[in-house]
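For reference, the structure discussed in these notes is given below.
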Number of protein chains: 2
Amino acid sequence: MEPALIITTLNSIAPLEQGAIAAFLDLCEEISIPRNEYLVRQGERTPYAYFLEEGVVRVFFNNEGNEYNKTFFVPGMFPTPITALISGEPSQLGFQALVASKLTRFSYQGFRALFKSHPCLESLMLRILELEWIKKERHDIRMVTNDATTNYLVFRKEYPGLENQIPQYHIASYLGITPIQLSRIRARLAKGQ
Amino acid sequence: MEPALIITTLNSIAPLEQGAIAAFLDLCEEISIPRNEYLVRQGERTPYAYFLEEGVVRVFFNNEGNEYNKTFFVPGMFPTPITALISGEPSQLGFQALVASKLTRFSYQGFRALFKSHPCLESLMLRILELEWIKKERHDIRMVTNDATTNYLVFRKEYPGLENQIPQYHIASYLGITPIQLSRIRARLAKGQ
DNA sequence: CCCATTCCTTAACATATGTTAATGCGCAGC
DNA sequence: GCTGCGCATTAACATATGTTAAGGAATGGG
């Protein structure tokens, strides 16, 4: 495959040797996925890690019909069931494309198998997890601290334009409120301005 | 220092060479901390990673006087400001001993400096982050999915005896409710049983 | 031993948010 | 160009939880 966004992204995270890059690219394949299709279904096993080149993906948890969106992925991010890949268990989370998307995917086991011959890839993996950890912690603190209105405004800043590409009930679920409540918030904001 | 709980814990996470263990132990020092003292204050920098040998520690976020307990640590866990250590920024989280506690601490930079000569320590670090990630994800899913009553019951199972060692407002904050609400839940449970 | 502090409980009240339901807009398929 | 479906909005209502306040048990210090 041709080195797309993923290579520049990985290189900006940690320095990689040429040999490691080549070996890694051998594992990669590009896939396209239509709107509303699933990368990973809840309860399903998958061998793949994913990198989003174009589009939007959501990750969510479904409990008795109620869905909770954990976060949205935009290009440059990794919509990957880390826990499932690490633990070997079926994924507790579902991953769904919200618009037609292009992704790079690669076998996680294959990737780990490269660590012995290319230690820089293990350092890369550690660095990625570190960065994800930081991101998640900041996110968690924000969500707990702010009220829904503030988090809605943050969402709009963090994902410019996304608001108009996906149904509002996905945003509401992400904010931890009902679509009705989000509608009330939007009405209040429109009036207050 | 004498190899205490931390060594058996680390060995159970990932296999370590003798040389690596010795080099690591050189970095370690044991500390005791009285009840209600802070390991790390919010807004403070710290060079240390911590491992809890005995006692209880909470990690919390404070926003304009409102405190949000993220989790509790019991022996065998790492009450460590990972994000602060990785990013070099002041810690957004506070770490406080809720009962008199014993910990092992070590310089995080010193630890990372060992990665070059002891790659197994880097693998260990990666493994620890992986396990923490899994734990956090399961925790997050539970907290979102369940109501406060269920989460309270889970808390009692997950931290046996802890309920009687710490004030209930810390538990309420952990559950995301007010102490009054927790009191109502407890009253209902006592009656319903 | 007593007092003060801390913290849990209970009640009365206020309020934000969920629930149910009806309305209407806009897009897609026929 | 209709027609139907999916989705957002709005209103009326129900309810859970926060707020304020008061009282009482337990604990620790003088």
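Per chain, numbering begins at 1; letters A, B, ... match sequence-line order. Keep in mind the model is a prediction, meaning the values are calculated, not measured.
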With a 4.0 Å limit, can you tell me whether [X] has a side-chain N or O closer than that to the phosphate oxygens OP1/OP2 of [N]?
{"X": "B/Arg186", "N": "C/dC8", "answer": "no"}
{"X": "A/Tyr169", "N": "D/dA8", "answer": "no"}
{"X": "B/Gln168", "N": "C/dT9", "answer": "yes"}

Report the distance from atom [atom1] of [X] to atom [atom2] of [N], rounded to the nearest whole Å.
{"X": "A/Asn36", "N": "D/dG6", "atom1": "CG", "atom2": "P", "result": "12 Å"}
{"X": "B/Gln165", "N": "C/dC7", "atom1": "CD", "atom2": "P", "result": "16 Å"}
{"X": "B/Asn66", "N": "D/dG18", "atom1": "CG", "atom2": "P", "result": "12 Å"}
{"X": "B/Arg188", "N": "D/dT17", "atom1": "CZ", "atom2": "P", "result": "7 Å"}
{"X": "A/Arg35", "N": "C/dC27", "atom1": "CZ", "atom2": "P", "result": "13 Å"}
{"X": "A/Leu182", "N": "C/dG18", "atom1": "CG", "atom2": "P", "result": "11 Å"}
{"X": "A/Ile185", "N": "C/dA16", "atom1": "CD1", "atom2": "C1'", "result": "11 Å"}
{"X": "A/Ile180", "N": "D/dT10", "atom1": "CD1", "atom2": "P", "result": "12 Å"}

A/Lys157 with A/Glu163: basic N within carboxylate O range, under 4.0 Å: no
So what does [X] touch, heavy atoms closer than 4.0 Å: a base, only the sugar-phosphate, or nothing?
{"X": "A/Ala148", "value": "nothing"}
{"X": "B/Arg184", "value": "base"}
{"X": "B/Ile177", "value": "sugar-phosphate"}

Verdict with reasoning, B/Glu158 to B/Arg142, per salt bridge (Lys or Arg N to Asp or Glu O under 4.0 Å): CA-CA 12 Å; B/Glu158 199 171 358; B/Arg142 262 219 327 269; 3.0 Å; yes
Within the 6.0 Å centroid threshold, strictly below: A/Phe95 and A/Tyr38: no
Given DNA chain C, 5'-ward residue of the pair A/Gly176 and B/Pro167, judged by closest heavy atom: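 Its nearest nucleotide being more 5', the pick is B/Pro167.
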Short side-chain to backbone donor-acceptor contact, A/Thr9 and A/Leu5, under 3.5 Å: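 Yes: the side chain of A/Thr9 pairs with the backbone of A/Leu5.
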Parallel, tilted or perpendicular: rings of B/Tyr48 and B/Tyr50 (30°, 60°):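 Perpendicular.
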Nucleotide nearest A/Thr178 when distance is taken to its side chain, options C/dT9, D/dA8, C/dT19: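 Looking only at heavy atoms from C-beta outward on A/Thr178, the closest nucleotide is C/dT19.
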